[in-house]
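Accompanying notes for the structure given below.
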Amino acid sequence: MTRTLLLTPFAPDVKHDHAAADTLVRLVPLLAARTELFVFSPQVTADRAGDGYTLLGAGEQAPPGLLHRFGVRPAWLREAWSRQTARAAADAITRLKPDVVHVEYLQGAEALAHARNTVLGLHDITEAVAAESYRVSHGPARAYRLAELVRTRRFERDAIRRAGAVITLSDADRAAASALNPRVVLARVGVDLPELPWTSPAGGPPTLVFTGALWRRANELVALHLAENVLPLVWRTHPDARLRLAGARPGPRLSALAAADERIVVTGAVPDLRDEMRAAHAILAPSIIGGGVLLKVLHAMSLGAPVITSPGPAESAGADDSMVYVGDSAEQLADAVGAVLADPAAAATRGALARQHIGERFRWSDTVDSYLEAYAMAGAR
């Protein structure tokens, strides 16, 4: 079996309140069944056994000082992957001598310089995310976002060029990475179909839900957009419509919106976001700062619920207007809400087709096969 060292900022046996819970945590045991797998993470302080794999500790981690915001590397990198972590990862490569060094997420990409047979797994093109973050920033933060964009562009492009093979989760990201490295593999992330699908709620006011890690800037911006720009348009025809913003660690701006209007509810962390989706008439999942595959769209589709999203996430999911509702502007998103509420039967039909599509196209067995293809590609250099 291939001796694989996987480097990741997120430990696979830790509970996460973001997308790693649906991707990395699910992926690692499946890879371990087909490779001799070692996992290194700064969230692991000492070596320990995992579920069919070995976790390698990075030692105790000190929080980054303020100087990390002014270094050559992007600040977001040093917040998750310190210089101490980078040295410990290099030591792990030297000690283990793996057949393949697999860097999952861009944060660990400095390790690509310490091995030949390397695979870089990208969950988005971070340069594009940084560019959009800069575009929507204002005031003093704008200069900082520009600096982050420049540092991110340099770091990510170098990492893509250096990797023995690159894994992307969407066709758009594959095209972007292929411009810098011809050895790119598309690995569609697996999605499990929930046993209990969505059914149209009976009675009550129209309920719309947006889910995600609300402490993430991209999710907060979408939530604010929905509450401030989209819902006022919906309320013109459906004044009793409710918006539920469900996810961990919401900030004060979202809490203030909920305090100002009882039709907006900010739940904070919930035991299972799927329960929020099942109780909704429609799931709102557009993107403002996009990139990669929007997992909230895939999970909503897997439930068979009516999904309202924007063009980028719909394209990444391979979904057309027979499966989801697509809108770009606030007016188009509000119109999509109106269409769902006006014809619940048609909305349910779209949801059923979306669920079928996810079951056919986003299978974990195919995901693992694609990762192993990238391992072979890196080893054949």
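- A continuous path of hydrophobic side-chain contacts links Leu243 to Val234 [ILVMFWY only; heavy atoms under 4.5 Å].
- Surrounding CD of Gln43 are more than 12 heavy atoms belonging to other residues, nucleotides or ligands, all under 6.0 Å away.
- When every heavy atom of Ala165 is checked against every heavy atom of Ala374, the shortest pair comes out as CB-O, 3.6 Å.
- To the nearest 0.5 Å, atoms CG (Asp124) and OH (Tyr105) are separated by 9.5 Å.
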Derivation of the ring pair (Phe, Tyr, Trp, His ring centres under 6.0 Å) call for Phe38 and Tyr53: CA-CA 6 Å; Phe38 298 81; Tyr53 55 91; 9.8 Å; no
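- Between the side chain of Thr168 and the backbone N or O of Leu122, no donor-acceptor pair lies under 3.5 Å.
- When atom types are taken as modelled, the side chain of Thr118 and the backbone of Gly164 share a donor-acceptor pair closer than 3.5 angstrom.
- With Thr2 as the partner, the side-chain contact (heavy atoms from CB on, under 4.5 Å) test is satisfied by one option alone out of Val100, Asn117, Leu31: Val100.
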Check step by step if side chain to side chain contact (heavy atoms under 4.5 Å, CB included) holds for His102 and Tyr375. CA-CA 8 Å; His102 168 185; Tyr375 290 0; 2.6 Å; yes
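- A salt bridge links Arg34 with Asp369; the closest basic N to acidic carboxylate O contact falls under 4.0 Å.
- Using a 4.5 Å cut-off between side-chain heavy atoms of Ile, Leu, Val, Met, Phe, Trp and Tyr, with links allowed through other members, Trp81 and Val14 fall into different hydrophobic clusters.
- Counting heavy atoms from C-beta on, the side chains of Pro286 and Leu226 come closer than 4.5 Å.
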As a quick check of understanding, evaluate side chain to side chain donor-acceptor pair (under 3.5 Å) for Thr85 and Ser82, giving each step before the final call. CA-CA 5 Å; Thr85 299; Ser82 67; 3.1 Å; yes
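- Connection of Leu96 to Ile93 is established within a shared hydrophobic cluster, with ILVMFWY side chains joined at heavy-atom distances below 4.5 Å, either directly or through further cluster members.
- We find the CG-CD distance between Leu221 and Glu132 to be 9.5 Å, quoted to the nearest 0.5 Å.
- Checked by atom type, the side-chain pair Tyr325/Gln332 shows no donor-acceptor distance below 3.5 Å.
- One finds the CG atom of Leu294 at 13.5 Å from the CD atom of Glu315 (value rounded to the nearest 0.5 Å).
- Between the side chain of Ser302 and the main chain of Leu193, no donor-acceptor pair closer than 3.5 Å is present.
- A donor-acceptor pair under 3.5 Å links the side-chain atoms of His357 to the main chain of Ala317, judged by distance alone.
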Determine whether Val230 and His225 satisfy the following criterion, side chain to side chain contact (heavy atoms under 4.5 Å, CB included), listing intermediate values before the conclusion. CA-CA 7 Å; Val230 178; His225 175 59; 3.9 Å; yes
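- Between Arg217 and Glu148, none of the side-chain N atoms (NZ, or NE/NH1/NH2) sits under 4.0 Å from a carboxylate O, so this pair counts as no salt bridge.
- Ion pairing between a basic and an acidic side chain is recognised when a charged N comes within 4.0 Å of a carboxylate O; Arg188 and Asp171 show such pairing.
- Using a 4.5 Å heavy-atom cutoff, the side chains of Leu30 and Tyr371 are not in contact.
- Under 4.0 Å is where a charged nitrogen must lie from a carboxylate oxygen, and between Arg48 and Asp13 at least one such pair does.
- The structure places CG of Leu186 at 10.0 Å from CD1 of Ile167, a figure rounded to the nearest 0.5 Å.
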Derivation of the side chain to side chain contact (heavy atoms under 4.5 Å, CB included) call for Asp47 and Thr54: CA-CA 7 Å; Asp47 296 359; Thr54 302; 5.5 Å; no
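- Side-chain N/O atoms of Trp76 and Thr126 include no donor and acceptor closer than 3.5 Å.
- Taking 4.0 Å as the cut-off between side-chain N and carboxylate O, Arg263 and Asp240 do not count as a salt-bridged pair.
- Put simply, the side chain of His281 never gets that close to the backbone of Pro206: no donor and acceptor are under 3.5 Å apart.
- To the nearest 0.5 Å, atoms CG (Leu56) and CG (Leu6) are separated by 10.5 Å.
- In this structure a side-chain-to-backbone donor-acceptor pair under 3.5 Å is present from Asn181 to Ala163.
- By the 4.5 Å heavy-atom criterion applied to side chains, Pro194 and Arg355 are counted as neighbours.
- Cluster membership check: Leu233 does not share its hydrophobic cluster with Leu245, using side-chain heavy-atom separations under 4.5 Å among Ile, Leu, Val, Met, Phe, Trp and Tyr.
- Leu149 and Glu127 get closest at one heavy-atom pair: CD1-O, 3.7 Å.
- At least one donor-acceptor pair under 3.5 Å links the side chain of Thr23 to the backbone N or O of Ala19.
- In this structure, Arg142 satisfies the cation-pi test against Tyr134, with its NZ or CZ atom closer than 6.0 Å to the six-membered ring centre and inside 45 degrees of the ring normal.
- Between the side chain of Thr8 and the backbone N or O of Phe10, at least one donor-acceptor pair lies under 3.5 Å.
- Under 4.0 Å is where a charged nitrogen must lie from a carboxylate oxygen, and between Arg162 and Asp158 at least one such pair does.
- Thr309 contributes atom OG1, which lies 13.5 Å from atom CE of Met323 (distance to the nearest 0.5 angstrom).
- Side-chain contact between Leu257 and Val266 is absent, with no heavy atoms from C-beta onward closer than 4.5 Å.
- Side-chain atoms of Leu120 and Ile160, non-hydrogen and from C-beta on, do get closer than 4.5 Å to each other.
- Ring-plane geometry between His18 and His16 is classed as tilted, the angle between the planes lying from 30 to 60 degrees on a 0 to 90 degree scale.
- For the pair Leu273 and Ala246, the tightest heavy-atom approach, listed with the atom from each and the gap, is CD2-O, 3.7 Å.
- Salt bridge Asp192/Arg26: present, at least one basic N to carboxylate O contact under 4.0 Å.
- Of the listed residues (Leu37, Asp51, Val28), just one forms a side-chain contact (heavy atoms from CB on, under 4.5 Å) with Pro12, and that residue is Val28.
- Hydrophobic clustering of Ile, Leu, Val, Met, Phe, Trp and Tyr side chains at less than 4.5 Å, counting indirect connections, unites Ile308 with Trp235.
- Side-chain atoms of Val270 and Glu276, non-hydrogen and from C-beta on, do get closer than 4.5 Å to each other.
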Criterion salt bridge (charged side-chain N to carboxylate O under 4.0 Å, His left out) on Glu262 and Arg244, from CA distance to verdict: CA-CA 10 Å; Glu262 64 179 9; Arg244 292 180 65 84; over 6 Å; no
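- Of the possible polar contacts, none joining the Arg350 side chain to the Gly304 backbone as a donor-acceptor pair under 3.5 Å is found.
- Put simply, the side chain of Arg274 does not reach to within 4.5 Å of the side chain of His299, judged on heavy atoms.
- At distances below 3.5 Å, not a single donor-acceptor pair connects side-chain atoms of Gln107 with backbone N or O atoms of Ala80.
- Shown here for Val340 and Ala282, the closest heavy-atom pair between the two residues is CG1-CB, 4.0 Å.
- Inter-residue side-chain proximity for Glu104 and Leu27 is flagged as met; some heavy-atom pair is nearer than 4.5 Å.
- Closest non-hydrogen pair, Asn229 versus Pro232, comes out as C-CD, 3.8 Å.
- The minimum heavy-atom distance linking Ser370 with Ala187 is given by the pair CB-CB, 3.5 Å.
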Given the rule in the side chain to side chain contact (heavy atoms under 4.5 Å, CB included) test, do His114 and Thr94 qualify, once you have shown the distances and angles that lead to the verdict? CA-CA 8 Å; His114 300 286; Thr94 301; over 6 Å; no
